[in-house]
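Computation of the quantities below employed the complete heavy-atom set of this structure, encompassing side-chain atoms and omitting hydrogens, waters and symmetry-equivalent molecules. Here is the naming used below: chain letters follow the sequence lines, and residue numbers restart at 1 for every chain.
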Protein chains: 2
Amino acid sequence: MDAVQDEAAGKRARGLDRAFEILDFLRQKRQALKPNEIAAQIGAPRSSVYELVNLLLSNGILEFTGGEGRVYLGRKLYFLGAAYENHFDFTRECEAALEQLADETRETAQFCMLDGNKYTVVRMREGARPFRISTDIGQSVPIPWTASGRLLVAHLSDQDILNFIPPQDFRLPGGEWLEPQTFIAEVRQAEREGLFTFNSIVDSFTHCFAVPVRVEEGHAAATLCLVTPRDDGIANRGRYLDCLKKAAAGLEHAPARPRRG
Amino acid sequence: MDAVQDEAAGKRARGLDRAFEILDFLRQKRQALKPNEIAAQIGAPRSSVYELVNLLLSNGILEFTGGEGRVYLGRKLYFLGAAYENHFDFTRECEAALEQLADETRETAQFCMLDGNKYTVVRMREGARPFRISTDIGQSVPIPWTASGRLLVAHLSDQDILNFIPPQDFRLPGGEWLEPQTFIAEVRQAEREGLFTFNSIVDSFTHCFAVPVRVEEGHAAATLCLVTPRDDGIANRGRYLDCLKKAAAGLEHAPARPRRG
DNA sequence: ATCATATGTACAATATAGCGGACAAAAACA
DNA sequence: TGTTTTTGTCCGCTATATTGTACATATGAT
C-alpha cells in the first residue's frame with residue numbers, strides 16, 4: 001500500500017528490499033553494471049551488494065553480461081514477467097488499440113501505467129510523421145509531469161495522493177514548483193471529464209492527450225495517450241479525443257482477465 | 001553456478017531464496033493463491049510466508065488478485081522482464097524465425113531455453129494442421145524429457161551435467177528410468193551432429209526435432225524445435241532439419257545484443 | 001617510482017529476520 | 001448446535017544476515 005523503504009537512517013536494510021532496489025536500479029540504468037558501481041550509486045554497503053548480487057546470480061535473477069564482472073537483469077525475470085503478462089492478458093488488446101490509434105491519427109500513441117509511485121510508458125507506437133516523437137519505454141517518470149498522471153491517481157483521496165507521490169516529484173524538470181493543490185485540482189478535473197490534455201511540461205513542443213482505461217472497480221488502471229506537435233494537437237483536439245475514447249472503450253470491453261494455463 | 005537451495009534439512013531459509021521460491025511456485029501454478037496455500041504447498045513456515053508475501057506486495061512484486069486475499073505475480077515483475085527482453089533483444093528475430101518455420105513446415109515450432117536447471121518453452125507458433133500440437137509456454141520440464149535438453153547442456157562436462165540435473169529428473173513421465181550415462185551419450189551425439197531428434201518420451205504420437213541457437217562462446221543458448229506427428233516427422237526429416245538449421249542460422253546472425261535505451 | 005582509485009574477498013559483531021507456537025476469527029462441516 | 005479446518009495475526013527466541021572494516025590486487029595518474 002505505502003512505498004516506505006528507507007524510513008529512517010542508520011537502520012539495517014532488509015535483504016529483500018535491497019535486492020529489489022538493485023533490480024530497479026539496473027532497470028532504470030538499462031545497462032549492465034559492476035557490483036561496485038551499483039553499491040556506490042545506490043548508496044548501499046559494498047559487502048551487502050556483493051553478497052546479494054551473488055545470491056541473485058545463482059538464482060538466475062541477475063546474469064553476467066557485458067564482461068568485467070558486470071551484471072544485468074536475468075532470464076528468470078523474463079519468465080516471471082511473461083507469466084504476469086499471460087495472466088493479465090492485456091498485451092494483445094493493447095497492441096491492437098495502439099495500432100488503431102496510430103492508423104487514425106498518425107501520431108505517437110502510448111499505453112501507460114503506474115510503476116509503484118511513478119508513471120511509466122508500457123507500450124508505444126510511434127507516429128508516422130517525418131519527425132517522430134518518442135519516449136523511452138519503461139522509464140520511471142514523476143507522476144505530476146504527465147497528463148496520464150492526473151488520471152492514474154484519480155481514485156485516491158486528496159490526502160492519499162499527497163502521501164503517495166514523493167514531494168520532490170512536484171518539482172518540474174524545468175525547476176518550477178507545481179503546487180500540490182494545483183495538481184489535485186487538475187486530477188479532479190480530469191476525473192470529472194474523463195480525460196486530460198495539456199502542453200507537455202517535460203518539453204516545449206508537444207501536446208499530450210490522455211484518457212483512462214478503467215477496470216471493473218471503476219478506477220483507471222492505465223491510460224491511452226497521444227503525444228503530438230502542439231499545433232497539430234490543438235487543431236485536431238476533438239477528433240483525437242474521439243479516437244482515444246473509442247480505443248479505450250475497446251480495451252475495456254476485453255479487460256485484464258485471467259486466462260487458462 | 002550451482003542450484004543448491006534446500007541443501008540440508010533443519011536449516012533456516014534465506015528470505016530472498018524463499019521469496020523467489022514463492023514467485024516460481026506461483027508461476028508454475030499459473031494462478032493466484034492464498035498465502036496459506038502457498039505455505040502448505042511449498043512446505044514453508046506459514047509465518048514466514050505471510051511476512052514475505054506482505055513484503056512482496058508492498059514492493060509491487062506480488063499483487064492481490066482473484067479475491068479472498070489471493071496473490072499472484074505483480075506488475076513490477078512485468079516491468080523487470082520487459083527490461084530484460086529489451087536488453088537482450090531476441091524477441092523480434094525469434095518471432096520471425098518461428099513464423100518462417102511455421103510457414104515452411106506447417107508444424108508447431110518452438111523456441112526453448114533453460115530456466116535454471118529445467119527446460120522451458122519460451123515462445124511457440126502452433127502448426128497449421130487440423131489437430132494442432134501445442135504445449136504450455138513457460139512450464140518447467142525436466143531436461144532429460146526433451147530433445148532440446150540434449151543440446152542445452154552440451155557445453156557442460158559429463159560431471160557438470162550430472163551435478164546440474166536433479167537426479168529425479170531422469171525418471172521419465174511414464175515411470176521408466178533413463179540411465180544418466182545413456183542421456184550423456186545422447187548429449188555428446190547431439191553435440192557432434194548439431195541436432196537431436198527422437199520420438200517424444202512425453203507422449204506417444206509426436207516426433208521432436210531440435211537444433212541449437214549458438215552464441216559467440218559457442219554453446220547453445222537456446223534451441224529451435226519442431227514438434228510433429230510421428231509419421232510426418234519421419235517422412236520429412238531431411239527437409240525439416242534443413243528448415244530448422246536455416247532458421248537457427250538467421251537467429252545467430254542477429255545474436256542477443258544490447259540495445260541503446 | 002609513488003600515490004590514489006577501483007575492484008573483489010574475508011571475517012567478526014550484533015541487529016534482526018525467520019521460525020515455531022499460541023491465539024482468535026471465520027468458514028466448513030456434522 | 002458443536003466440531004474441525006482454514007485463515008490470518010502476534011510474539012519471543014535464536015540462528016544468521018547485514019554491515020563495517022581490513023586486506024589484496026589491479027589499474028591509472030603523477
Open item on the list: Run the side chain to side chain donor-acceptor pair (under 3.5 Å) test on B:Asn163 and B:Gln159 for me, step by step, so that the C-alpha distance in whole Å, both residues' side-chain angles and the decisive distance to 0.1 Å come before the verdict.
Closed with: CA-CA 6 Å; B:Asn163 293 338; B:Gln159 189 55 53; 3.2 Å; yes

Open item on the list: Is the shortest side-chain heavy-atom distance between B:Leu251 and B:Leu224 below 4.5 Å?
Closed with: yes

- [ ] Kindly indicate whether the side chain of B:Tyr119, heavy atoms from C-beta on, has any atom under 4.5 Å from the side chain of B:Trp145.
- [x] no

TODO: Could you tell me how the ring of B:His87 sits relative to the ring of A:Tyr72: parallel (under 30°), tilted (30 to 60°) or perpendicular (over 60°)?
DONE: tilted

Spacing of [X] atom [atom1] relative to [N] atom [atom2], expressed in whole Å:
X	N	atom1	atom2	answer
B:Gln41	D:dT7	CD	P	10 Å
A:Leu16	C:dT16	CG	C1'	14 Å
A:Arg70	C:dT7	CZ	P	9 Å
B:Asp17	C:dC19	CG	C1'	16 Å
A:Lys34	C:dT7	NZ	C1'	7 Å
A:Leu55	D:dT18	CG	P	8 Å
B:Ile42	C:dC19	CD1	C1'	14 Å
B:Ile38	D:dT6	CD1	P	16 Å

Task: Evaluation steps, side chain to side chain donor-acceptor pair (under 3.5 Å), between B:Gln139 and B:Thr120 - done: CA-CA 6 Å; B:Gln139 292 290 27; B:Thr120 195; over 6 Å; no

TODO: Determine which bases of DNA chain C form Watson-Crick or G-U wobble pairs with both distances under 3.5 Å, and write the result as a 5' to 3' dot-bracket string with | for other-strand partners.
DONE: .||||||||||||||||||||||||||||.

- [ ] Might you point out which heavy atoms bring A:His219 and A:His155 nearest each other, and give the distance in Å?
- [x]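 Looks like CB-CB, 3.3 Å.
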
Open item on the list: Regarding C:dA17, can its base be found pairing with the side chain of A:Arg14 as donor and acceptor, where the two atoms are less than 3.5 Å apart?
Closed with: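 A donor-acceptor contact between them is absent.
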
- [ ] Would you kindly compare B:Pro35 and B:Ala13 by the position of their nearest DNA chain D nucleotide and give the one closer to the 5′ end?
- [x] B:Pro35

Task: Ring centres under 6.0 angstrom apart (B:Phe79, B:Tyr84) - done: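 That pair fails the under 6.0 Å test.
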
TODO: May I ask you to decide whether B:Arg188 forms a salt bridge with B:Glu191, counting only side-chain N to carboxylate O separations under 4.0 Å?
DONE: yes

Open item on the list: Does a side-chain N or O of B:Arg18 approach OP1 or OP2 of C:dA17 to a distance below 4.0 Å, or not?
Closed with: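 Checking B:Arg18 against C:dA17: no side-chain N or O falls below 4.0 Å of OP1 or OP2.
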
Task: Candidates B:Val53, B:Leu23, B:Leu55 - the one meeting side chain to side chain contact (heavy atoms under 4.5 Å, CB included) with B:Ile61 - done: B:Leu23

Task: DNA chain D contacts made by residues 45-54 of chain B, counting heavy atoms under 4.0 Å - done: B:Arg46, B:Ser47, B:Tyr50

Open item on the list: Let's see if you can work this out: which of D:dT6, D:dT18, D:dT14 has an atom nearest to the side-chain heavy atoms of B:Asn36?
Closed with: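 In terms of side-chain proximity for B:Asn36, the closest of D:dT6, D:dT18, D:dT14 is D:dT6.
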
